[in-house]
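The structure appears right after this line, and notes come after that.
Here is the naming used below: chain letters follow the sequence lines, and residue numbers restart at 1 for every chain.
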2 protein chains.
Amino acid sequence: MSDANRMSYQDIKVKVLQSIRDNTWPPGTIMPGEVDLAEQFGCARATVNRAMRELAEEGILDRKRKAGTRVKKSPTRQAKFVIPVIREEVENTGGAYRYALVSRTQMPAPGWLCAKLQLTPEDQVLHLHCMHYSDSKPYQYEDRWINLSAAPSAADTDFKEIGPNEWLVREIPFTDAELTFSASRATRTVAEYLEAAEGDALFTIERTTWLNQQTVTFARLHFSPGYQLTTKL
Amino acid sequence: MSDANRMSYQDIKVKVLQSIRDNTWPPGTIMPGEVDLAEQFGCARATVNRAMRELAEEGILDRKRKAGTRVKKSPTRQAKFVIPVIREEVENTGGAYRYALVSRTQMPAPGWLCAKLQLTPEDQVLHLHCMHYSDSKPYQYEDRWINLSAAPSAADTDFKEIGPNEWLVREIPFTDAELTFSASRATRTVAEYLEAAEGDALFTIERTTWLNQQTVTFARLHFSPGYQLTTKL
DNA sequence: GAGTGGTCTAGACCACGGT
DNA sequence: CCGTGGTCTAGACCACTCC
C-alpha cells in the first residue's frame, strides 16, 4: 500500500478527463505545463507526457510547443474502424464464407480509370467481378480493377479460388490507401447478384491503394441491403 | 553530423515496415525481442518499445508478453474518421451553414426507445427533427431523441437557434459513444426535406452517447444523396 | 530569446502468460 | 518458473514557435 498512490499514465488520463468534464478545465483552457503536472501528480514528466500525448492523439487536447496544451473546443473525437477483411468479417459473425468469381477480363485501361488512377491508356488492367457469400446468402458484390503494371503477377492468376483482395494483401504490399463510404442505389445487375431489388439502398465502399505513388488497385464494394458498420468511441 | 545515424522511434518504424514488405520478416514471423532490436538499432530499449507499440496500435504487429512480437498475418489496418461536427464540416467545404428546427416534442419514451436506450416508460424524452443546410441546399436531416433524465436542461431549451448536437457537446459531457453507418432509403417525408426523391439511397449515421451507463441521446442522421465520407490510411 | 512539448537514455521493477 | 513486453524514473538535449 505504500505507493498505491503512484500515478500511472492511465490514471492521469482519467483524472484529466474528469477535470475537463467537471469544468475544472473548460474547453479552451490552457493547462499547466508538463513539469507542473508531473509535480502535482507526483510522477515523472515522461509519464505525464505519455498521458497528454495520447489524449492529444484521441482528439481531446491540442498541444503546441511553446504555446502549451489546451483543451479542444470541439472535442473532435475520432472513430477507428477496422477495415473489413471480408473472409474474417463473415467468419467472425459465425457465417460460412464462400467466394465466387463472376468475370475476369484483361484490357487496356479505360479513360475514366486512367484519370482516376493516373494511368496511361497503354497500361493493361485486370477487371474482376466477384461475389462473396455468408451462409450462401449474398454478402458483397465486388467490382475491382487491378493495375497490371503494379501487380504483373495478377495476369497469371485466375482468381477462381481466391478473392482478389485476399490475393493482393498477400502478394502486393501497399503503402497508402484511401477509403470512401457512401450509399448508392442497386443497378439491375448488382441487384440480381445480391438478390435484392433494383434501386435498393446499398452501403458502398470504394477503396484505392497505392505502392509508392503507383496505383495498385481500385475497387467498389457493394454490400447487401441491411449491412452496417459499427464502432464505439 | 556525428550521431546522424542515431535512430529515432520513427526511423525504426520505417525500417520495420520495410523489413516486413521485403519479406525479411514475412507475416507470422516472430521478431527479435526488444533488447536485441535495441542493440541492432543502437538505441535504448524504450525507443524500440515506442516504435513497436505504435506499430501494434496501428494493427501491423501483435505483441504478447512472453510470447514476443510477431507480424500479423492479415495486416488489419484501421481507418480513423473524424466524427463530423456538422457546422464545421459544412464550413470547411466552403459552404454557408444554416440550421432549422422542424419540430420539437416532449413525451414519455416510446417502447422501442425504452428498449434501445434502457429507459423506462416513465422517462421523459425530447424528440427533435432538424435540418442542416449548406448554401441553402439540404445537407442533413436529423431525427434526435434526448433523454431528459440525463439532460434535464434540454427541456428549457427551444433549439430554434442552435442545433441539438452543438448544444449537447457544449452542455452535456459524454463518456461513451457508438456510431453505426449504413445506407437507407428515403421515406416520403425525409425525401421532401432533403429535396430528394422518395426511395433515394441515403447515407445514414446512427449515433448513441452515454454518460456513465446512462443514455444521453440517440440520433439518426440522414445525409443528402451523394454524400460520402473519405479517409486515408 | 526563452519556454514548451518532443524525444532519447540507462536503469529499474513489475505483470502477464507460455512452458 | 522466468522471459517478454509494459511501465516508470531522473536527467538530458533538442526543436519548434510565440513573443
Around atom [atom1] of [X], are there more than 12 heavy atoms of other residues, nucleotides or ligands at under 6.0 Å?
X: A:E57; atom1: CD; value: yes
X: A:Q118; atom1: CD; value: no
X: A:E39; atom1: CD; value: no
X: A:K13; atom1: NZ; value: yes

Please check this pair: side chain of [X] against backbone of [Y], looking for a donor-acceptor N/O pair closer than 3.5 Å.
X: A:D123; Y: A:T120; value: yes
X: B:T180; Y: A:L229; value: no
X: B:N92; Y: B:E88; value: yes
X: B:Y139; Y: B:Y227; value: no
X: B:S8; Y: B:D11; value: yes
X: B:N147; Y: B:V125; value: no
X: B:Y99; Y: B:F159; value: yes
X: B:T215; Y: B:W210; value: no

Just distance, no hydrogens or angles: give the donor-acceptor pairs under 3.5 Å from side chains in residues 23-30 of chain B, sequence neighbours left out.
residue: B:T24; atom: OG1; partner: B:D22; partner atom: OD1; Å: 2.5
residue: B:T29; atom: OG1; partner: B:P26; partner atom: O; Å: 2.3

Compute both the distance and the angle, then confirm whether B:R87 meets the cation-pi test with B:Y97: under 6.0 Å from the six-membered ring centre, within 45 degrees of the axis.
-> no
What's touching nucleotides 15-19 of chain D from the protein side, N or O pairs under 3.5 Å?
residue: D:dA15; atom: N3; partner: A:R65; partner atom: NE; Å: 3.3

Return the angle between end axes of the helix from C:dG1-D:dC18 to C:dG18-D:dC1, with five pairs used per end and rounding to 10°.
-> 20°
From B:N49 CG over to B:R63 CZ, what is the distance, rounded to the nearest 0.5 angstrom?
-> 5.5 Å
Where along residues 45-56 of chain B does a heavy atom come under 4.0 Å from DNA chain C, residue by residue in number order?
-> B:R45, B:A46, B:T47, B:R50
Nucleic acid contacts of residues 26-36 of chain A, taken as heavy-atom distances under 4.0 Å to DNA chain C = A:G33, A:E34
Identify the 5'-most and 3'-most nucleotides of DNA chain C with at least one atom closer than 4.0 Å to a non-hydrogen atom of chain B.
-> C:dT7 to C:dG18
